[in-house]
Amino acid sequence: MSTEVVGKPIDRVDGRLKVTGAAHYSAEFPLENLVHAVLIGSNISRGTIKSIDASAAEKLPGVIAIITHLNAPKLKEMPLIMTGGAAAEVRLPLVDGNIYHNGQYIGLVVADTLERATYAASLVCVAYQEQPFVTEMEREKAVMPTGPVGFRPADIARGNLEQGLAEAEVRIEETYTTPTENHNPIETHATTAVWSGDKLTVYDATQFTFGQQKTLAIGFGIPEENVRIVCHFIGGAFGCKGGMWSHVPLTALAARFVERPVKLVLTRQQMFTNVGHRAETEQQIILGAKRDGRLTAIAHKGISHSCEDAVGEFVEPFTVATHLLYATQNLQTSQRVVKVNKGQPTFMRAPGEAPGTFALESAMDELAYKLNLDPIELRLRNYAEINPDTNLPWSSKSLKECYQLGAEKFGWSQRNPTPRSMQDGRYLIGMGMATATYPVYRFPASAVAKIMLDGSVVVQSSTHEMGTGTATVMAQVIADVLGVSVERVRFELGDTNFPKAPVSGGSGTVASVGSAVAGATKAARAKVLDIARADKRSPLYNIPDTEIAFEDGQIFVKSDKAKRESYADILKRQNLNLVEANFDIQFDEENKKHSMHSFGAQFVEVRVDQDLGEVRVRRFVGAFGTGRVLNLKTARSQMIGGITMGLGMALFEETVTDHKFGRIINSNLGEYHVPVNADVPAIEAYFVEEEDPHVNAIGAKGIGEIGITGVAAAVANAVYHATGKRIRDLPITPDKLL
Ligand code: MOS
């Protein structure tokens, strides 16, 4: 039996810290002299500030400073996350009195307590010169994006769409819409900033410590090494903590202004306006197919909203998955963007794939009905054996196995495909499925491994623990490399004093950092081994590599297991306190020989109340091929979390703007509905065995985002099966079914 701990569903190494409150989140670092900042948001949606009267606020006891564009020190231009920095918006905070969206920060109050700062902020009176604004996404105003869509051009074509459509015997042409959604992690953004001379330390809830270090250094005009970012735990992120939003430099700016440590925590309301959201989309899909189901053409085009150029631009790349999901020769995708007076949209769990697969996988279901084909069979007839976009072979692909396993676990064969044919009392029952997909992203990463005198091991890399289990799976990787128990391993993250790690985005942490961690640990192990092999007193003296193995904290000789020595003994004899090694990983050209993606299949059963239009999810089964699973428990949790978020997207989530005032009217968790326990049935998540020798040394593809993809389509398809009504507009609320 394998003694490997990788793959085992071990408990989280930080579970106890988290449930006992011993884990310090970014707002929980007790610092001496700490004061509190509260942000003031604009009440108008476009215009300029005429005047600010802070006199009443200034007089309040405990108020230390009121900072607005009138007195704020100027920051230097900071690089954006897509161009090597971390800034999410181009606009510098408090740079002038211009207002581009409702809730935009126009100032902040610093006081000795949070309550006093909050009250003082409410007394700051602002007079505005209002200008016309627009918050509705009007198709006529759509323009070419200024930058790429995802990483690619806004318009992409292969083959000949017109010809493909002319060859088609059956055609689907429909429009699908998805609303604005907000990430809503439980931990709101929180920043604590402390200056010591011209050295800055920032405790921040971030998915990108090193990006923030670099960006803040540029913004404040100080050397990078003068900035330290600390982030040990994150209470969820889903993309909104990937880029650096303006409250971060503002907190640092305030701390310098008042010469004291400053803590700033966004309110739930502010979480809706200034830290990104998933943009609304309007997507048109055209599918052309032969009677046998073979796709002759796919067109996918549409619009999403972004903010005014002065704030920045983000284009929700909803066409990205369409390029590669099915083996069609003729394809065209095109995206345009409508600039509105809203805060900047950003990455949100599976940006692109989440709304994009809603459209494409709904359209595939519509096609299946039109052809009288089983929806799985239709997908199999268009199975992409290689990436049809790049013509590269897949590094691995187990989608067929996912369809098969998912269908079997779900009991797909019991489905009568006729709409409204399955009932349970007054409920209509529907079963739907969809394909899930997400790319494998790998970024350069570094780690240091230290084998300690007591035989324990410490490995460090400034990656992030978003609640996904990063620290746990890293500990498992390290334990296996050395042949020690997980209890002997400490993996430290979230501190720019540690080696560099990339943004924890694009589901790339394990694939990237995991490779660096494995590499550093192997390098440290090799150093200890070399010390022993060079030492005549060691039982490992002169033993060749091929004869060496590792277990129980010891190095031993395979052919003579009595010959063994612990790491601790080897270090002790040499009077070494520790042996350490660094490792940097780059993902080289060789890997461009393969197209790297994860795939999965989502199956759902809903029941629809005929009288009330209420949809409830009864069962959900997802099956995924994501390379090597490092920890079955944390991996399943990622899928259950992603699917749950997908159920929110399908049935509940929608950020509503009052277009008369340009203000979000449900910026709270009471009215922005996320799924709660009563909405979520038992979700089953399975992984098919998938070996991928190409993605990286540990064979793991990354699992943070694929879980949400395809879910909304699977639910919409199930709702159609139940009711005969095709809902192409998310979320599927009762009013749309009545
Ligand atoms: Mo993820 S939306 O790339 O943080």
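Atoms within a ligand are numbered from 1 in the order they appear, just like the ligands themselves. When a residue number appears, it is its place in the shown sequence, counting from 1.
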For this session: Examine the proximity of ligand 1 to P351 and report which part, side chain or backbone, both or neither, has a heavy atom under 4.0 Å away.
Result: side chain

Problem set entry | Flag if over 12 foreign heavy atoms under 6.0 Å of CD, E224 | yes

Exercise. In the protein, which heavy atom is nearest to atom 4 (O) of ligand 1, and how far is it?
Worked result: Q207 NE2, 2.8 Å

Exercise. Under 4.0 Å from ligand 1, counting heavy atoms only, is it the side chain of M348, its backbone, both or neither?
Worked result: backbone

Problem set entry | Basic-acidic side-chain contact under 4.0 Å: E465, K18 | no

Problem set entry | Distance-only N or O hit between ligand 1 and Y438, under 3.5 Å | no

Exercise. Charged N to carboxylate O under 4.0 angstrom, R336 versus D155?
Worked result: yes

Problem set entry | atom 1 (Mo) of ligand 1 - nearest protein heavy atom and its distance | E705 OE2, 3.1 Å

Exercise. Regarding E705 and Y438, is there a side-chain donor-to-acceptor distance under 3.5 Å anywhere?
Worked result: yes

Exercise. Relative to the heavy atoms of F347, which atoms of ligand 1 are at a distance of less than 4.0 Å?
Worked result: 2 (S)

Problem set entry | Ligand-residue contact atoms, ligand 1 with R349, heavy atoms, under 4.0 Å | 2 (S)

Exercise. Which residues satisfy the side-chain hydrogen bond (donor to acceptor under 3.5 Å, both in side chains) test with E181, sequence neighbours excluded?
Worked result: R278

Problem set entry | Close aromatic pair by centroid cut-off 6.0 Å: H183 and H189 | no

Exercise. How far is atom 3 (O) of ligand 1 from its nearest protein heavy atom, and which residue and atom name does that atom have?
Worked result: G506 N, 2.6 Å

For this session: Return a yes/no value for G505: is any of its N or O atoms, backbone included, closer than 3.5 angstrom to an N or O of ligand 1?
Result: no

Problem set entry | Mutual orientation of the aromatic rings belonging to Y176 and F358 [parallel < 30°, tilted 30-60°, perpendicular > 60°] | perpendicular

Exercise. Which ligand 1 atoms are under 4.0 Å away from a heavy-atom of G239?
Worked result: 2 (S), 4 (O)

